[in-house]
Each structure stands twice: as C-alpha cells, then as structure tokens.
Amino acid sequence: MAQDLPDTGSRELSLAGALEHVPGFAAGDAVTRMPGGSLNRTYAVRTQAGEFVVRLTPATDAWLTTDRSVERALQAAAAQAGLAPRLLCADANDRWSICELVAGDPWTARELADPECLGRLGDVLRRLHELPPPDCGRFDLPSALAAYEDRLALASDPNLPLIHAWVQHAAEAWLASGAARRPATVVHHDLNAANIIAGPGGLVLIDWECAAVCDPLLDVACVLSYYDSALEHADRLLEHSGLATVERIQWQAAVWLFDLHTLLWYWERRYRIAPTAAEEQAAARLAARVNESHAFRSL
C-alpha cells in the first residue's frame, strides 16, 4: 500500500515538493513532462533507484469516488496481482502521487479494433474481476446518475428535462443489464487505449483514478463506449472477461448507462472547470448517442 504523507491543509501544487519523495532523487535527475491529461499533470522521473511517475493534481475530479483513497486501495490490490504499477507514495491531501513507471508501449485505437488484442484485454479484466474486492469504493450507478441530475438542477442546466427522462430510464436499463445479479468486483472504468500498457510481462493498466467496486460489465461497456471498432468483437471481449453468458441486450444497456454517466460527468464538470474544445465535442457526440439509444424503451 502506498505511504500516505501528512495532510498539510493546502492544495498548492509543487513539483519540487513531490520530487523530494521520489526514491533516490537528486538534483540533475531527468524529469520529463508526459503527454495527456486535461486536469492532472504527470512527469516521468529517472533516478539511480529506477524510473517513476509523479502525478500532480490541482483538484479531485474522479468519476466515481469522492477522494483518492479508493484509487490507492484498488490500485494496490491490482498491483499485487501484477495488473497495475505499484503506488509508492501519496500526499494525504490528494495533491500528488508517485508510482513506478511501467515499461512498455501504450495501446492505440488499432489494438482495440483487433479481436486478438481484445481477447488479451479480456483476460486481464477477468483476472482483475476475480480479485477479492475491498470494502471501500462501493459504487451505485443509478444513485450516482440521480445525484448528477440534482447537481445539474441546482445549476439550472438547460438540458434538465432531457436529463430527467434519461435518469428515469436508467433504473430500467440497470435492471436490463443484469447488474443486480452479478457480484460487484474491482473495475478500472477508464480503459482508454493510453491506459493499457503492453509490457514485457503482459498488459498492465495505469491511471486508476476512476476505479471502483461495481458491476464487472461496466469495464466491457467502457471499452465498447470508447471504441466503436470494438463493438463487432463484443462477444470475444465478453468471453475472455468471464462474461460469456451476458446477452446482447444486457451489454447494450450497460453501454448506454456508461455513455449517460460520462455525458452527465461532462455536463456537471463544465460548471466547475472550463471544458476544452475536444471535451465539448465529446459531450455533443455522447448526447446524440444517448438520446438516439433512448429509444431502447422496449427493455
């Protein structure tokens, strides 16, 4: 488990302060800004003790949990199984964390259109979902969607009538997905290609910010939501994930729920953090897809 340092009560970010806790760090060691991230800033650090990743976080913005203690616990469980990098140290005020750098190449959209690669990813998800889930991080998706509706109502969001209809339908979609009949497991819940690293020992999942304990089908839904090219290979991904008995209508319901949750996250977030053009475009695409699939009232 990562070492939690005392809470100083400040959210001020300091790369220099975080570097003090990197094993073996000395002045002159290589520190390189890593690409990606609209909120977090990450740096690769090479010292005599090894290679590490420092993540600076100006604000907690996880999709599923209110603080990063859940992320630390679930990543630690996955790291013990060889599915995640080891988290070495974290600031108790959630401003920064340090983990081992995973050697290897991140996947691209190409791998997530390849049935063989999707089978490999499914094997990893099966191992993840077989881990004994800790008591923390329990997540109820219908309740989370209702909470987003409440927050958007307080913001007088112009889409509120549509949001209300979607959230009402979500309870029906949750039942249709079969989630209530599956044991809750550890889920990564953000299987972007860049978070899947092909290392010398196999696939490793990074960036556990959105991890939770919930329905394992949500990890498959995440992949199918993010990558249309994976849809034609859904059966293969499900089989390798240990979810071969899941029917098409069930995973379609789970994808719709995942889309809706992502969309409401975007819409609520824009009242707190100015969205990028790419985020606005992603939200618009999701809104169209959620509304189109809402014809799924026949569930």
Side-chain angles (χ1 to χ4, degrees), residues 61-65 70 74 112 121-122 125 128-129 133 137-153 157 159-192 195 209-228 230-231 234-235 237-238 241-243 245-269 279 282-299:
D61 196 38
W63 294 7
L64 307 187
T65 57
V70 169
L74 300 186
L112 288 157
L121 177 59
L125 293 179
L128 175 64
H129 300 158
R138 303 284 163 159
F139 174 70
D140 180 79
L141 180 54
S143 296
L145 295 173
Y148 272 121
E149 180 185 359
D150 290 343
R151 291 197 291 275
L152 288 164
D157 190 281
N159 298 296
L160 200 57
L162 197 53
I163 293 168
H164 180 71
W166 290 338
V167 172
Q168 291 297 304
H169 182 59
E172 188 180 356
W174 183 251
L175 288 175
S177 75
R181 299 190 296 275
R182 285 183 291 272
T185 68
V186 177
V187 294
H188 181 278
H189 202 266
D190 190 18
L191 294 164
N192 185 288
N195 291 336
E209 185 176 11
C210 301
V213 175
C214 195
D215 178 19
L217 185 56
L218 285 179
D219 269 341
V220 172
C222 174
V223 175
L224 300 179
S225 171
Y226 286 177
Y227 298 96
D228 290 345
L231 287 167
D235 288 347
L237 180 58
L238 287 162
S241 300
L243 296 166
T245 60
V246 168
E247 299 174 358
R248 183 179 184 86
I249 193 67
Q250 291 178 303
W251 66 254
Q252 285 180 326
V255 171
W256 185 83
L257 286 162
F258 190 94
D259 284 348
L260 177 60
H261 183 248
T262 309
L263 174 61
L264 297 188
W265 176 78
Y266 274 128
W267 280 357
E268 189 273 340
R269 186 177 187 264
E279 288 170 342
R285 287 194 298 270
L286 278 170
R289 194 158 72 188
V290 167
N291 202 42
E292 180 182 357
S293 299
H294 192 210
F296 178 8
R297 293 188 172 102
S298 59
L299 292 173

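Sequence positions, counted from 1, serve as the residue numbers for this chain.
Atom NE2 of residue His261 and atom SG of residue Cys210 lie 8.5 Å apart, to the nearest 0.5 angstrom. Residue Tyr227 holds its OH atom at 9.0 Å from CG of Leu191, rounded to the nearest 0.5 Å. Rounding to the nearest 0.5 angstrom, the gap separating the CG atom in Leu74 from the CD atom in Glu209 is 13.0 Å. Taking CG of Asp228 as the reference point, atom CG of Leu112 lies at 12.0 Å (rounded to 0.5 Å). A distance of 6.0 Å separates OG1 of Thr262 from CG of Leu286, quoted to the nearest 0.5 Å. One distance of note links CG of Asp140 with SG of Cys214; it measures 7.5 Å at 0.5 Å rounding.
Across Pro216 and Pro183, no two heavy atoms sit closer than the pair CD-O, 3.4 Å. A pairwise comparison of heavy atoms in Leu243 and Arg182 identifies CD2-CD, 4.0 Å as the closest pair. Nearest heavy atom pair, residue Trp256 against residue Trp166, reads CH2-O, 3.4 Å. Across all non-hydrogen atoms, the minimal contact from Glu149 to Leu160 is O-CD1, 4.0 Å. When all heavy atoms of Trp174 and Asp215 are compared, the pair lying nearest together is CH2-CB, 4.1 Å. Closest approach of Val290 to Leu260, counting heavy atoms only: CG2-N, 3.7 Å.
For Arg181, the side chain to side chain contact (heavy atoms under 4.5 Å, CB included) criterion is met by Gln250, not counting sequence neighbours. Residues passing the side-chain hydrogen bond (donor to acceptor under 3.5 Å, both in side chains) test with Asn159, sequence neighbours excluded: Asp157. Residues satisfying the side chain to side chain contact (heavy atoms under 4.5 Å, CB included) test with Ala184, not counting sequence neighbours, are Arg138, Val213. For Ala287, the side chain to side chain contact (heavy atoms under 4.5 Å, CB included) partners two or more places apart in sequence, or in a different chain, are Leu263, Trp267. Partners of Asp150 under the side chain to side chain contact (heavy atoms under 4.5 Å, CB included) rule, at least two apart in sequence or in another chain, do not exist in this structure.
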Would you mind writing out the side-chain donor-acceptor pairs for residues 218-225 within the sub-3.5 Å range, not counting sequence neighbours?
| from | atom 1 | to | atom 2 | distance (Å) |
| --- | --- | --- | --- | --- |
| Asp219 | OD1 | His188 | N | 3.2 |
| Asp219 | OD1 | His189 | N | 2.7 |
| Asp219 | OD2 | His129 | NE2 | 2.8 |
| Asp219 | OD2 | His188 | N | 3.1 |
| Ser225 | OG | Asp259 | OD1 | 2.5 |
| Ser225 | OG | Arg289 | NH2 | 3.4 |

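In this structure, the side chain of Asn195 engages the main chain of Asp190 through a donor-acceptor pair within 3.5 Å. Without hydrogens or angle criteria, Trp251 side chain to Val246 main chain gives no donor-acceptor distance under 3.5 Å.
Relative to the ring axis of Tyr266, Arg269 does not place its NZ or CZ within 45° and under 6.0 Å from the centre.
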